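Just so it is clear, the model here is predicted, and its values are computed rather than measured. Within every chain, numbering begins at 1; the chains are lettered A, B, ... in the order of the sequence lines, protein sequences first and strands thereafter.
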There are 2 protein chains.
Amino acid sequence: MARPLAHDDVFQAVASPARRTLLDKLSSREQTVHSLAESFDMTLPAVSQQLAILRRAGLVSARRAGRWRVYRLNAEPLREMARWLDNYQRFWTARMKALGEDLKRYEKQDERWR
Amino acid sequence: MARPLAHDDVFQAVASPARRTLLDKLSSREQTVHSLAESFDMTLPAVSQQLAILRRAGLVSARRAGRWRVYRLNAEPLREMARWLDNYQRFWTARMKALGEDLKRYEKQDERWR
DNA sequence: TGGACGTGTAAGACTTAACTTATGTATAAT
DNA sequence: ATTATACATAAGTTAAGTCTTACACGTCCA
C-alpha cells in the first residue's frame with residue numbers, strides 16, 4: 001500500500017453532503033461520472049474531483065468500460081465509522097431512561113443545560 | 001428553534017479527529033474545559049472553540065458550576081449518522097458473499113478495480 | 001486518421017476551517 | 001476591593017477545501 005489506510009479520511013470524506021449524495025446514488029447501482037453529474041448541480045470536473053476523494057478514502061472504486069469510467073460503491077470503510085458509533089449507541093438508549101432524573105436534579109439546582 | 005437542526009453539522013462535527021477525541025473523553029464522564037485541554041496538545045481557547053462547534057451540532061451541552069463550565073456528552077444526534085450508516089450495512093455483509101464471483105468475472109474481462 | 005466524447009488533472013480564485021494571541025466577563029479567593 | 005481563575009469570544013493568520021476554466025489523454029466513430 002502506498003498510503004496507510006487513513007482512518008480519518010473516511011469520516012472526512014463523508015462529511016460533505018455532496019459526497020454523501022454520491023455514495024447514496026452509487027448504492028443503488030454503479031454509474032458513470034457523466035450520469036452522476038447529470039443529477040447534480042455541479043460541473044463534471046467537480047464531480048470527478050469529489051469522486052477522487054471518495055476513491056482515496058476507499059469508498060468507491062472505478063473501472064474503465066470503453067471510454068466511460070464506471071464507479072462503484074465500496075462500503076467496507078464505513079464499518080470503521082459504524083464501529084466508532086457503536087460506542088455511543090448505549091447513550092441514546094440509556095439516556096432516555098436517565099433523562100427524567102436529570103431534569104429533576106438540575107432544575108432543583110437551578111442549573112440549565114444548553 | 002433559532003436554527004433548524006442541521007443534519008450536515010453532525011457529520012462535519014465528527015469529521016475532525018480532535019472533536020472525536022473530545023467526544024470520546026466526554027463519553028466516560030463530564031468534564032471541564034480545563035480538564036479536557038490538559039490531555040490535549042491544544043491551547044484552552046482552541047479546545048473551547050472545538051467545544052462550541054460540538055455544541056452547535058447538539059453533541060454536547062454545558063452547565064456552569066461555580067467558575068467552571070462542565071461539558072457533557074449528548075449522543076442523540078449521532079443516531080442520525082447511525083441511521084444513514086444502516087443503509088450501507090447490508091453491503092459489508094452482502095459484499096463478502098459477492099466478492100468471489102466479482103473477482104472471477106472481472107479477472108476474466110481483464111478489468112481492474114482500483 | 002481526424003474529430004467528438006468521456007474523463008482526469010492542473011491552475012487559479014474564493015470560501016471555510018483552525019489555530020494563536022489578546023481581550024472581556026463572571027465567579028471565587030484573599 | 002483587588003486579584004486570580006476559568007472560560008468565551010474577537011481579531012488576525014495560515015492552511016484546507018471546493019469550485020471554475022482550461023487543457024491533456026485515451027477511446028470510439030466516421
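Taking only side-chain nitrogens and oxygens, A:Arg67 never comes nearer than 4.0 Å to OP1 or OP2 of C:dG8. A close approach under 4.0 Å does not occur between any side-chain nitrogen or oxygen of A:Tyr71 and OP1 or OP2 of C:dG6. Of the side-chain N and O atoms in A:Arg69, one or more sit less than 4.0 angstrom from OP1 or OP2 of C:dG8. A close approach under 4.0 Å does not occur between any side-chain nitrogen or oxygen of B:Ser48 and OP1 or OP2 of D:dC7.
Looking only at distances, no side-chain donor or acceptor of A:Ser48 sits under 3.5 Å from a matching main-chain atom of A:Leu44. Judged purely by atom type and a 3.5 angstrom limit, A:Arg20 uses its side chain to pair as donor or acceptor with the backbone of A:Val14. With hydrogens and angles ignored, the 3.5 Å screen pairs a side-chain donor or acceptor of A:Arg19 with a backbone N or O of A:Gln12. Checking side-chain atoms of A:Asn74 against main-chain N and O of A:Leu59 turns up no donor-acceptor pair under 3.5 Å.
Scored by the side chain to side chain contact (heavy atoms under 4.5 Å, CB included) test, A:Asp24 finds B:Trp84, B:Tyr88 as partners (sequence neighbours excluded).
Taking OG from B:Ser35 and CG from B:Leu26, the interatomic distance works out to 8.5 Å, rounded to the nearest 0.5 Å.
Between B:Arg56 atom CZ and D:dA8 atom P there is a gap of 12 Å when expressed in whole angstrom units. Whole-Å rounding puts the B:Leu44 CG to D:dT9 C1' distance at 12 Å. Going from atom CZ of A:Phe40 over to atom P of D:dT18 covers 13 Å, rounded to whole Å. Rounded to whole angstrom, the span from the CZ atom of B:Arg64 across to the C1' atom of C:dT27 amounts to 7 Å. One interatomic measurement links the two molecules: CG of A:Leu54 to C1' of D:dG17, which rounds to 14 Å at whole-angstrom precision. Between the CZ atom of B:Phe11 and the C1' atom of D:dG17 there is a distance of 19 Å, rounded to whole Å. In this entry the distance linking CG of B:Leu51 with P of D:dA6 reads 16 Å, nearest Å.
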Between the protein and nucleotides 13-23 of chain C, are there any N/O to N/O pairs under 3.5 Å, and if so, what are the atom names and distances?
residue	atom	partner	partner atom	Å
C:dA17	OP1	B:Gln12	NE2	3.0
C:dA18	OP2	B:Arg19	NH1	3.2
C:dC19	OP2	B:Gln50	NE2	2.3
C:dT20	OP2	B:Thr43	OG1	2.9
C:dT20	O4	B:Gln49	NE2	3.1

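Each of A:Trp68 and B:Trp68 has a nearest nucleotide on DNA chain D; the 5'-most of these lies closest to B:Trp68.
A side-chain donor-acceptor contact under 3.5 Å links A:Tyr71 and A:Arg55.
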